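Values below: all heavy atoms of this structure, side chains included; hydrogens, waters and symmetry mates excluded. This one's a predicted model, so the numbers in the text were calculated from it and none came from an experiment. All chains are named by letter (A, B, ...) in the order of the sequence lines, taking the proteins before the strands, and each is independently numbered beginning at 1.
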Protein chains: 2
Amino acid sequence: MMDAIQPRAVKTRARLLATAQAVIAETGYGAMRVDEVVRRAGVAKGTFFAHFKDKDALMDMLIGAEMNHCLDALETGPAPRDTPALIQALGPLMALMTSERYVFDVILRHSGAAAREDIGPIAQALDRLVRQIASWITAGQFRHDADPELLAEGVQAFMAQAMALNFCALRGKQPLDARLAPFLTRWLSPETGLDPQGQ
Amino acid sequence: MMDAIQPRAVKTRARLLATAQAVIAETGYGAMRVDEVVRRAGVAKGTFFAHFKDKDALMDMLIGAEMNHCLDALETGPAPRDTPALIQALGPLMALMTSERYVFDVILRHSGAAAREDIGPIAQALDRLVRQIASWITAGQFRHDADPELLAEGVQAFMAQAMALNFCALRGKQPLDARLAPFLTRWLSPETGLDPQGQ
DNA sequence: TCCATAAATTGACCGCGGTCAATTCATCTA
DNA sequence: TAGATGAATTGACCGCGGTCAATTTATGGA
């Protein structure tokens with residue numbers, strides 16, 4: 001009995017999403033204001049929150065979608081067969097995740113889901129990433145004396161740390177890749193952990 | 001020429017700090033409100049922000065101080081000589097860092113310093129932690145074929161990931177220690193990465 | 001065609017962090 | 001001791017995310 005969403009609601013939601021994307025395209029994620037979006041979309045503020053739990057939920061969707069585009073590309077492209085190739089493959093995704101401090105913060109906030117039902121797009125994308133990395137590890141020239149899933153989660157941990165350090169003036173403007181390399185080399189290399197340089 | 005801070009300012013600042021601590025002791029970090037603190041301290045809101053750059057800066061101090069107490073205990077106590085002991089030693093600090101979602105968020109936000117001059121207490125404490133772990137690694141029964149500093153930073157990355165997953169209903173209510181163990185074992189064990197279980 | 005019911009939308013309002021021009025207060029100098 | 005100078009404090013105000021009772025709009029049944 002009338003529990004279906006009406007067409008106008010679908011339209012409104014679509015307009016809000018489109019407007020938000022337009023605003024973000026102009027000013028970036030961090031500068032997006034709910035007031036600005038609803039003003040441009042020509043709806044009341046309350047309507048926004050009728051369609052999205054909060055501002056973060058919208059960000060989750062939009063950023064998650066962008067991450068998934070990146071992941072699509074990764075899935076399509078050739079599988080990296082060693083650590084340097086892996087780091088290179090991860091480049092675009094990490095660039096996206098660190099494009100703004102605000103974006104990285106949103107991702108961190110959504111990297112774990114609070115409850116079974118509210119796994120957002122970002123959490124899903126990160127999960128997809130781990131599975132992708134695990135499959136690469138299985139197929140490529142990496143160590144195979146450990147659960148690929150575990151290794152993949154480790155890669156994610158190192159990625160997060162490297163990206164966090166990216167917003168830190170201290171550790172120099174060393175590029176992400178360079179900061180990540182020593183960790184991943186040691187974590188993934190098939191030669192049982194040896195490294196003549198000790199570095 | 002009068003550029004010294006006046007005694008009353010010192011008093012005011014001290015009263016704000018004490019009041020904030022009292023409020024936090026009652027309600028927790030996340031529920032602390034600047035309005036509540038200034039009301040109880042009997043000062044105007046503007047005064048608060050004359051003494052602390054923003055709310056986060058105060059949190060940085062208070063949480064950083066608590067972390068340093070933990071680190072004092074770690075420095076005093078016996079050095080863990082293997083991975084299980086290391087995990088156990090880190091327990092209290094991780095418990096503090098994950099005592100509230102809000103606390104963990106503040107720590108993440110301050111884990112990297114934006115500029116040379118504004119390294120806050122939390123960033124300092126985390127740096128201190130890495131150096132402490134590195135010294136343990138050097139002294140204990142851990143792998144010595146890699147830079148202890150690098151290994152210590154890796155430990156920090158795994159800690160962060162384990163703690164983040166702590167706020168996630170998915171990965172079960174598995175205790176922090178258990179989530180951390182497989183990573184640290186593989187990362188730190190002196191036997192060159194082998195593990196009969198592959199897990 | 002008209003009404004009942006629920007979905008969709010509205011906008012005034014709130015909470016809370018943060019700002020700043022104005023004011024008060026302490027200290028130095030003539 | 002009377003200005004003069006800057007430190008310290010004040011509180012009205014703002015920006016922005018989020019709420020909710022009230023109102024409008026769409027839809028199914030008689």
Side-chain angles (χ1 to χ4, degrees), chain A residues 1-20 23-24 27-63 100-103 105-106 109-110 114 118 120, chain B residues 1-20 23-24 27-63 100-103 105-106 109-110 114 118 120:
Chain A
M1 65 273 285
M2 273 196 277
D3 52 346
I5 66 283
Q6 300 174 4
R8 63 169 170 162
V10 177
K11 283 239 182 179
T12 303
R13 185 190 177 87
R15 199 160 70 253
L16 281 170
L17 277 170
T19 309
V23 171
I24 289 165
T27 66
Y29 283 94
M32 191 271 253
R33 297 287 171 268
V34 174
D35 278 315
E36 170 79 0
V37 171
V38 297
R39 192 182 57 73
R40 286 213 215 178
V43 301
K45 206 170 185 177
T47 303
F48 180 96
F49 293 100
H51 284 276
F52 308 102
K53 186 182 167 294
D54 51 27
K55 187 186 175 182
D56 249 33
L58 174 65
M59 290 302 184
D60 190 7
M61 278 182 210
L62 297 180
I63 295 172
E100 289 178 46
R101 173 75 207 228
Y102 174 78
V103 169
D105 285 345
V106 172
R109 226 175 291 138
H110 290 80
D118 50 46
Chain B
M1 61 274 287
M2 271 196 276
D3 52 344
I5 66 285
Q6 300 174 5
R8 66 169 168 160
V10 177
K11 284 240 180 174
T12 303
R13 186 190 176 87
R15 198 160 71 254
L16 281 170
L17 276 169
T19 309
V23 171
I24 289 165
T27 65
Y29 283 94
M32 190 271 254
R33 297 286 171 267
V34 173
D35 278 314
E36 170 79 1
V37 171
V38 297
R39 193 182 57 73
R40 286 212 216 177
V43 300
K45 205 169 184 178
T47 303
F48 180 96
F49 293 99
H51 284 276
F52 309 102
K53 184 181 168 298
D54 50 27
K55 187 186 176 183
D56 250 33
L58 174 66
M59 289 303 184
D60 191 6
M61 279 181 209
L62 297 179
I63 294 172
E100 289 179 46
R101 173 75 208 228
Y102 174 78
V103 170
D105 285 345
V106 172
R109 228 175 290 138
H110 289 80
D118 50 46

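In this structure, F48(A) and L16(A) approach most closely via the heavy-atom pair CA-CD1, 4.0 Å. Residues A20(A) and L58(A) come closest through the heavy atom pair CB-CD2, 3.8 Å.
In the set dA8(C), dT9(C), dT10(D), the nucleotide with an atom closest to the side chain of I5(A) is dA8(C). Looking at the side chain of Q6(B), the nearest of the listed nucleotides dT10(C), dT9(C), dG6(D) is dG6(D).
Straight-line distance from the NE2 atom of H51(A) to the P atom of dA7(C): 13 Å, rounded to whole Å. Residue L58(A) contributes atom CG, which lies 16 Å from atom P of dC16(D) at whole-angstrom precision. Atom CZ in R8(B) sits about 4 Å away from atom C1' in dA8(D), given to the nearest Å. Rounded to whole Å, the distance from CG on L16(A) to P on dT9(C) is 9 Å. Across the protein-nucleic acid pair, R39(A) atom CZ and dT10(C) atom C1' stand 18 Å apart, rounded to whole Å. Summarising the geometry, the separation between CZ on R15(B) and C1' on dT9(D) is reported as 11 Å, rounded to the nearest angstrom.
Rounding to the nearest 0.5 Å places OG1 of T12(A) at 11.0 Å from CG of L17(A). In this structure, F52(B) CZ and M59(B) CE are separated by 11.0 Å, a value rounded to the nearest 0.5 Å.
Remark: T12(A) is not in phosphate contact with dA8(C), judged by side-chain N or O atoms under 4.0 Å from OP1 or OP2.
With respect to K45(A) and D35(A), a salt bridge is recorded, a charged nitrogen being found less than 4.0 Å from a carboxylate O. Remark: D105(B) engages R101(B) in a salt bridge, criterion side-chain N to carboxylate O under 4.0 Å.
In this structure, E100(B) contributes its side chain and G28(B) its backbone to no donor-acceptor pair below 3.5 Å.
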Between the protein and nucleotides 17-21 of chain C, list the N/O to N/O atom pairs that are separated by less than 3.5 angstrom.
from    : atom 1 : to     : atom 2 : distance (Å)
dG17(C) : OP1    : K55(B) : NZ     : 2.7
dG17(C) : OP2    : V34(B) : N      : 3.1
dG17(C) : N7     : K45(B) : NZ     : 2.9
dG18(C) : OP2    : K55(B) : N      : 2.7
dG18(C) : O6     : K45(B) : NZ     : 3.3

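The C1' atoms of five pairs define one axis at each end of the helix from dT1(C)-dA30(D) to dA30(C)-dT1(D), and these two axes lie 20° apart (to 10°).
With sequence neighbours excluded, no residue forms a salt bridge (Lys or Arg N to Asp or Glu O under 4.0 Å) with K55(A).
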